[in-house]
Novice: 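Below: one structure in structure tokens.
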Amino acid sequence: QQPVQSPQAVILREGEDAVINCSSSKALYSVHWYRQKHGEAPVFLMILLKGGEQKGHDKISASFNEKKQQSSLYLTASQLSYSGTYFCGTERDRDDKIIFGKGTRLHILP
Amino acid sequence: EAQVTQNPRYLITVTGKKLTVTCSQNMNHEYMSWYRQDPGLGLRQIYYSMNVEVTDKGDVPEGYKVSRKEKRNFPLILESPSPNQTSLYFCASSLSTSSYEQYFGPGTRLTVT
């Protein structure tokens with residue numbers, strides 16, 4: 001079942017923070033986050049495995065609450081380069097297929 | 001350079017004319033998969049392969065075939081394309097299983113008239 005992402009779209013000014021949520025009705029083994037710029041292929045951001053870990057690099061981080069089957073992606077002090085569509089992908093078991101959400105469009109204004 | 005390549009990048013064809021979209025990776029990855037991307041629907045998995053000669057259906061396999069005879073190649077075959085298969089297609093690969101970072105190819109934009 002496809003995970004639900006929210007919001008569908010968000011517009012921010014440079015320097016503002018954003019949170020993108022991903023939720024599933026089923027128990028999850030892992031959550032994957034990718035960013036896709038217009039006309040390009042998706043690019044990997046991070047994977048979170050069950051265990052409630054939090055990951056991050058630079059000003060982009062994510063958390064995974066396996067009890068709630070939810071993950072959140074945090075973009076701090078957003079930069080123009082953060083613009084794009086963010087996808088979460090969920091995996092119910094190890095070696096299972098990944099099911100991606102419909103994406104969240106993020107637009108950063110100068 | 002580590003990469004996933006797809007060919008062709010753009011294709012316009014007619015209903016019923018068999019076509020193959022090739023996908024090749026040079027990273028010795030075991031796991032490969034095909035997705036289609038349509039506006040508002042996100043990335044939907046068509047087929048995936050855990051290793052050579054091992055393939056399995058994703059969420060939208062109808063109308064598609066795949067094969068994995070070599071580790072590096074994972075072609076997508078449309079035996080009788082229809083207009084509802086007009087889409088942007090991505091091939092992806094990862095080191096092992098789906099629990100690793102996936103590297104996506106540049107995409108193939110297919111139009112079936």
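These figures come from a predicted structure and were not determined experimentally. Residue numbering restarts at 1 for every chain, and letters A, B, ... go by the order of the sequence lines.
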Novice: Would you say A/L106 ends up clustered with A/W33 if hydrophobic residues are merged whenever their side chains have heavy atoms under 4.5 Å apart, either directly or through other cluster members?
Specialist: yes

Novice: Heavy-atom distances under 4.5 Å only: say whether A/Q5 touches chain B with side chain, backbone, both or neither.
Specialist: neither

Novice: Heavy-atom cut-off 4.5 Å, strictly under: side chain, backbone, both or neither for A/Q8 against chain B?
Specialist: neither

Novice: Give a yes-or-no answer on whether the side chains of A/T85 and A/Y34 include a donor-acceptor pair shorter than 3.5 Å.
Specialist: no

Novice: What pair of heavy atoms forms the shortest contact from B/H29 to B/S93, and how long is it?
Specialist: ND1-OG, 2.8 Å

Novice: If you round to the nearest 0.5 Å, how far is CG of B/L11 from OG1 of B/T108?
Specialist: 8.5 Å

Novice: Search all heavy atoms of B/T86 against all heavy atoms of B/D38 and return the closest pair with its distance.
Specialist: O-OD1, 3.6 Å

Novice: Which residues in residues 72-84 of chain B have any heavy atom lying under 4.5 Å from a heavy atom of chain A?
Specialist: none

Novice: Side chains of B/R36 and B/Y64: is there a donor and an acceptor less than 3.5 Å apart?
Specialist: yes

Novice: Give a yes-or-no answer on whether the side chains of A/R92 and A/Y29 include a donor-acceptor pair shorter than 3.5 Å.
Specialist: no

Novice: Hey, are A/Q69 and A/S23 close enough side-chain-wise for a donor-acceptor pair under 3.5 Å?
Specialist: no

Novice: Would you mind telling me which of A/P42, A/G103, A/G39 has the largest number of heavy-atom pairs within less than 4.5 Å of chain B?
Specialist: A/P42

Novice: Identify which part of B/Y35 has an atom lying under 4.5 Å from any heavy atom of chain A, answering side chain, backbone, both or neither.
Specialist: side chain

Novice: Could you check whether A/T76 and A/D17, counting side-chain N and O atoms only, form a donor-acceptor pair closer than 3.5 Å?
Specialist: no

Novice: Can you confirm whether the side chains of B/S33 and B/Q102 place a donor and an acceptor under 3.5 Å from each other?
Specialist: yes

Novice: Donor-acceptor pair, distance only, cut-off 3.5 Å: does the side chain of A/S78 make one with the backbone of A/E16?
Specialist: yes

Novice: Residues of residues 53-62 of chain B under 4.5 Å from chain A (heavy atom pairs)?
Specialist: B/K57, B/G58, B/D59

